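Note that the structure is a prediction, hence the values are computed from the model and not measured. Within every chain, numbering begins at 1; the chains are lettered A, B, ... in the order of the sequence lines, protein sequences first and strands thereafter.
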Amino acid sequence: MTDLSLPPQYNPAAIEAELYRFWLERGCFAPDADQAWSGGALAPPRPYVIMMPPPNVTAVLHMGHGLNITVQDVLARFERMRGRPTLWLPGTDHAGIATQNVVEKLVAKEGKTRFDLGREEFVRRVWSYVDETGDAILEQLKALGASADWSRTYFTLDDGLSRAVREVFVRLHEKGLIYRGKYIINWCPRCLTALSNEEAEKSEVDGKIWRLRYPLASGQGFITVATTRPETMLGDMAVVVHPEDKRFHPLLGQSVRLPLVDREIPILADEAIDPEFGTGAVKVTPAHDPLDFEIGQRHGLTPLDIMTPDAHLNDTVPARFRGLDRFEARRRVVQEFEALGLLDGVDGHRHAVGHCYRCDTVIEPRLSDQWFVKMKPLAAPALAAYRTGKLRFIPERRGDEYASWMENIRDWCISRQLWWGHRIPVWYCDGCGTTTVSRDDVARCSCGAVPRQDEDVLDTWFSSWLVPFSSLGWPERTEDLARYYPGSVLVTAPEILFFWVARMVMAGIEFMGEVPFDTVYLHGTVRDTQHRKMSKSLGNGIDPLEVIEKYGADALRYTVIASMAVGTDVILDPKDLETSFAPGRNFANKLWNAGRFILTNLGDRRTRPLAGPYANVVRREELGLADRWIIDRCDQMVRDATDSYTKFRLNEAASTIYHFVWSDLADWYIEQAKPRLYDTGSGGEIARAVVGRTFEVALQMLHPIMPFITETLWKRLPGRAPDASIMRSAWPGAARLAVDASAEREFTLVQELVGAVRQIRAEYGVEPGKSVNVRASQAHAAFRAEEGTIMRLAKIGSLTYGAPLAEPGANAVLADGTTLYIALGDLVDVKKECERLGADLNRISQLIESQQKKLGNEQFVGRAPAAVVEGERAKLAQFEQQAAALREKRGQLGC
RNA sequence: GGGCGAAUAGCUCAGCUGGUUAGAGCGCCUGCCUUACACGCAGGAUGUCGGGGGUUCGAAUCCCUCUUCGCCCACCA
């Protein structure tokens, strides 16, 4: 009976690559292909557009991509099947710092630095690296089954996107929203570049706070300051206290003799100081601390920069400190203070310190000339879009984070002292001193001299924030732009909410006049069993390609989707891939085998339609109880799962379909239908029609989550054209056939009876091969209708109806009070049977008691909705019926 | 320091607008290679739904509080 061309174990490796190629060749991923609507008179539905968060060109596939790409693909495939022209637009990000770091490491292997190579040569090296490896990550995404439109793939350094970057820079500059200035910025001494506030990740560290005595210039005593960074004292320009702090009033206007450097600096008053903290007196280093910088500005202090770009002390400090690393300098300064008797003390101090988000080096606040974007004017409409509901977040609470970021937004430092990226489109003329901000390269200044371009490049995110329109051709007015902007949903991890998502909203509104998407779906993070984020450094990562190779992309996708409720993380065990991905793998195999069985039994016979205006449509009268039941279940599944998909409750969609396939279709319907399927009679024809269609529906519903296996099986259904694809099949609706509650109710009785007999067989250890005789107190129509099924599934020799026999035997009571008597001969033990029934009775009695209490409560009866009260009454009646039957049985047995 | 979230079976988690005999997967125990599937089938065990208060006829679900873990933000040096 089994088709030997299908192996009993699903082998994903054998089909995935080929299938992916088939989809590509058929153009299944393009939004503008021959969709069903295109021939009709109706206007095409609004396109569904997702911008893929562009992976870094240097990226290697990890589970974070696995999750992110899977979610997007599920949504894209779902909407595509529902008939919307769907564009899922992929690209890669040049990833300024990250990529430069990678290539610098390669260069270092040759014993060189980027400075040895020079800018031009280094950038050439990066390009050749990118050309060589840039597609690797995209190829890896394909292994996951991603149905992105690769024909539109962009790279953030492409000519078009570069034009968009310049256009934006110039426009913002013209509007006065881009400016250059000397401010304290976050500096990474390892990457040797400025960073934005978002790129400086604050993390708590156990530090120390030292109390240093600064001798008064008068020679009469000290003022003691508290600092977490003693080394910066070499650049101190003042000591500041709160103006109302009486302790220091006598000292105001005096000055101190700064130890080690022997400079005299004033003692000043400023509101910014908290008298409660530390000693109440603060040393002020305007060049190395943002607050100090502000205080310095208020008091006209001249900042003294004491560090080199790589955070070593420079020539402004006494010779013995020059060239020291900042941490070494810290030790030396403390040492000297101690030797001089000027160290008042030291305490442990836990505080937040900024770290470079690329290399984790401690950030050095640094005073330097940088370019900034004035953000407040851009943030206001972006915040309004959220407040007015034009933009929503899933989960909702993420919206608050977005809002508070927008409300407290600070200017964005966009210049980077890197070589890899979009060079700042500004030219300086040394001849006449003119600064030119231009869309095009400036070869010659108006004064005739040759200007030099700004050395810096732009923050990577300065190109990413434009992607929703720059990737569609902006600033050109392209057809794509008109058609696919604004997009629909953005799917990403919460980590880049501010880096990317929030900024895209601002850019979208500023340059396109509309939010770039109406929904932001922020999914969780993949973590290990200790809830640690998976990372290369911890070595707790899972290689998705390894999982795909072993268990298939579908197994990975299903597992990830099924374990990801909205707003929660995905926990996987890197040490036990088999167990981690068992749900997906097992389910894929189950589907495979159900399919194998069904396809074998369908052969090449086309099944009759269950619904529709066809002459050979299956009529309701032709259906048996089980048929009506599974069709009803199938309809429910379609309704529930479709609803879940639209609400981004993908895990619910997954589990709804899973349980339909496994519990309803495989465990019950297929088992029920086997005799009919083996036959060639008319009953078989109906069973084939029902199983064929419900299985097809399940495949379609599941396709967004498990694309490969569903397509493979779907294509093998009878009558498929060779180039047909499940991707182009219409999303299922209800069969609108035989939908009636009675089928559900009646078939449940059948399931209950079978379950009760199986349970007793197991408890009494009846040999699997041995059949038993059963007598049911009531001959329900459902029992008669499914008698064969019942006898087969419960291994019953004879099923009769009537009053239970009085002699000892095993007994069960169904929920409606129907009693079952199972003749087991010697196996029956009256004592054990009494105990069993007693335990049952006990359980039911407790339920009855609680129901009676509830219904006896006048408050409940009076206040609860009538339907609820009615339901509780019905439950009580049912329990009482069961209890009565159990008591009677016990009486008969003489318990 | 400010804001937010979570705590449910051995593990990972569902349980969405208060009414369930509190569920799933994995793991565990028992019996089965029953001709789709041992990545399987059948049966089974395990929860004072973190502690304490409250609202309500009724709370895993709403409120308060405590404890413990997370996340986001933050210029107390």
Expressed as a whole number of Å, how far does the C1' atom of B/G54 sit from that of B/A59?
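11 Å, rounded to whole Å.
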Under 4.0 Å, counting only non-hydrogen atoms across every strand here, what does [X] touch: a base, just sugar-phosphate, or nothing?
{"X": "A/Ile273", "result": "base"}
{"X": "A/Thr579", "result": "sugar-phosphate"}
{"X": "A/Asp292", "result": "nothing"}
{"X": "A/Asp274", "result": "base"}
{"X": "A/His242", "result": "nothing"}
{"X": "A/Glu671", "result": "base"}
{"X": "A/Arg761", "result": "nothing"}
{"X": "A/Ala562", "result": "nothing"}
{"X": "A/Tyr658", "result": "sugar-phosphate"}

Check the phosphate of [N] against [X], side-chain N and O only, distance under 4.0 Å to OP1 or OP2. Yes or no?
{"X": "A/Arg410", "N": "B/A74", "answer": "yes"}
{"X": "A/His351", "N": "B/G1", "answer": "no"}
{"X": "A/Trp662", "N": "B/C41", "answer": "yes"}
{"X": "A/Lys674", "N": "B/U35", "answer": "no"}
{"X": "A/Tyr764", "N": "B/A42", "answer": "no"}
{"X": "A/Lys533", "N": "B/G70", "answer": "no"}

- Task: Would you please name every residue forming a salt bridge (charged side-chain N to carboxylate O under 4.0 Å, His left out) with A/Asp640, sequence neighbours left out?
- Result: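 Scan of A/Asp640 (salt bridge (charged side-chain N to carboxylate O under 4.0 Å, His left out), adjacent residues dropped) gives none.
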Ignoring hydrogens and geometry beyond distance, is a side-chain donor-acceptor pair present between A/His288 and A/Thr232 at under 3.5 Å?
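The criterion, which ignores hydrogens and geometry beyond distance, is not satisfied for A/Thr232 and A/His288.
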Notebook entry, point to check: With A/Thr529, which of A/Asp573, A/Leu572, A/Asn540 fulfils side-chain contact (heavy atoms from CB on, under 4.5 Å)?
Noted result: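 It is A/Asp573, the one option of A/Asp573, A/Leu572, A/Asn540 that forms the side-chain contact (heavy atoms from CB on, under 4.5 Å) with A/Thr529.
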Between A/Pro768 and A/Pro290, which residue's closest nucleotide on RNA chain B lies nearer the 5′ terminus?
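The residue whose closest nucleotide sits nearer the 5' end is A/Pro768.
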Using heavy atoms to find the nearest nucleotide of RNA chain B for A/Arg758 and A/Ser655 separately, return the residue whose nucleotide is more 5′.
->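 Per heavy-atom nearest nucleotide, the more 5' residue is A/Ser655.
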Looking at the side chain of [X], which of [options] is the nearest nucleotide?
{"X": "A/Asn586", "options": "B/A36, B/A77, B/C39", "answer": "B/C39"}
{"X": "A/His659", "options": "B/C26, B/C72, B/A24", "answer": "B/A24"}
{"X": "A/Pro8", "options": "B/C37, B/A74, B/A77", "answer": "B/C37"}
{"X": "A/Glu204", "options": "B/G40, B/A74, B/C71", "answer": "B/A74"}
{"X": "A/Gln759", "options": "B/C13, B/A74, B/G43", "answer": "B/G43"}
{"X": "A/Phe597", "options": "B/C39, B/U21, B/A36", "answer": "B/A36"}
{"X": "A/Ala594", "options": "B/G25, B/A77, B/A36", "answer": "B/A36"}
{"X": "A/Pro583", "options": "B/G44, B/G25, B/U12", "answer": "B/G25"}
{"X": "A/Leu847", "options": "B/C37, B/C75, B/U21", "answer": "B/U21"}
{"X": "A/Ile670", "options": "B/C75, B/A77, B/A36", "answer": "B/A36"}

What closest approach, in Å, do [X] and [Y] show between heavy atoms, and which atom pair accounts for it?
{"X": "A/Leu367", "Y": "A/Ile184", "value": "CD1-N, 3.9 Å"}
{"X": "A/Val239", "Y": "A/Tyr214", "value": "CG2-CD2, 3.6 Å"}
{"X": "A/Ala687", "Y": "A/Leu677", "value": "CB-CD2, 3.9 Å"}

Are any side-chain N or O atoms of [X] and backbone N or O atoms of [Y], one a donor and one an acceptor, separated by less than 3.5 Å?
{"X": "A/Arg761", "Y": "A/Lys770", "result": "yes"}
{"X": "A/Arg392", "Y": "A/Gly399", "result": "no"}
{"X": "A/Gln9", "Y": "A/Asn589", "result": "no"}

Pairing string of RNA chain B (Watson-Crick or G-U wobble, both atom distances under 3.5 Å; | = paired to other strand) is (((((((..((((.....[...)))).(((((.......))))).....(((((..]....))))))))))))....
When you compare the protein's N or O atoms with those of nucleotides 14-19 of chain B, which come within less than 3.5 Å of each other, and at what distance?
residue: B/C16; atom: O2; partner: A/Arg649; partner atom: NE; Å: 3.2
residue: B/C16; atom: O2; partner: A/Arg649; partner atom: NH1; Å: 3.4
residue: B/C16; atom: O2; partner: A/Arg649; partner atom: NH2; Å: 3.0

Review point. Under a 4.0 Å N-O cut-off, is there an ion pair linking A/Arg211 with A/Asp347?
Key: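 So A/Arg211 pairs with A/Asp347 through a salt bridge.
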Q) Angle class for the A/Tyr658/A/Tyr558 ring planes (parallel below 30°, perpendicular above 60°, tilted otherwise)? A)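 If you compare the ring of A/Tyr658 with that of A/Tyr558, the planes turn out parallel.
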Decide yes or no on side-chain contact (heavy atoms from CB on, under 4.5 Å) for A/Phe393 and A/Glu401, but give the supporting numbers first.
-> CA-CA 10 Å; A/Phe393 290 82; A/Glu401 281 174 30; over 6 Å; no
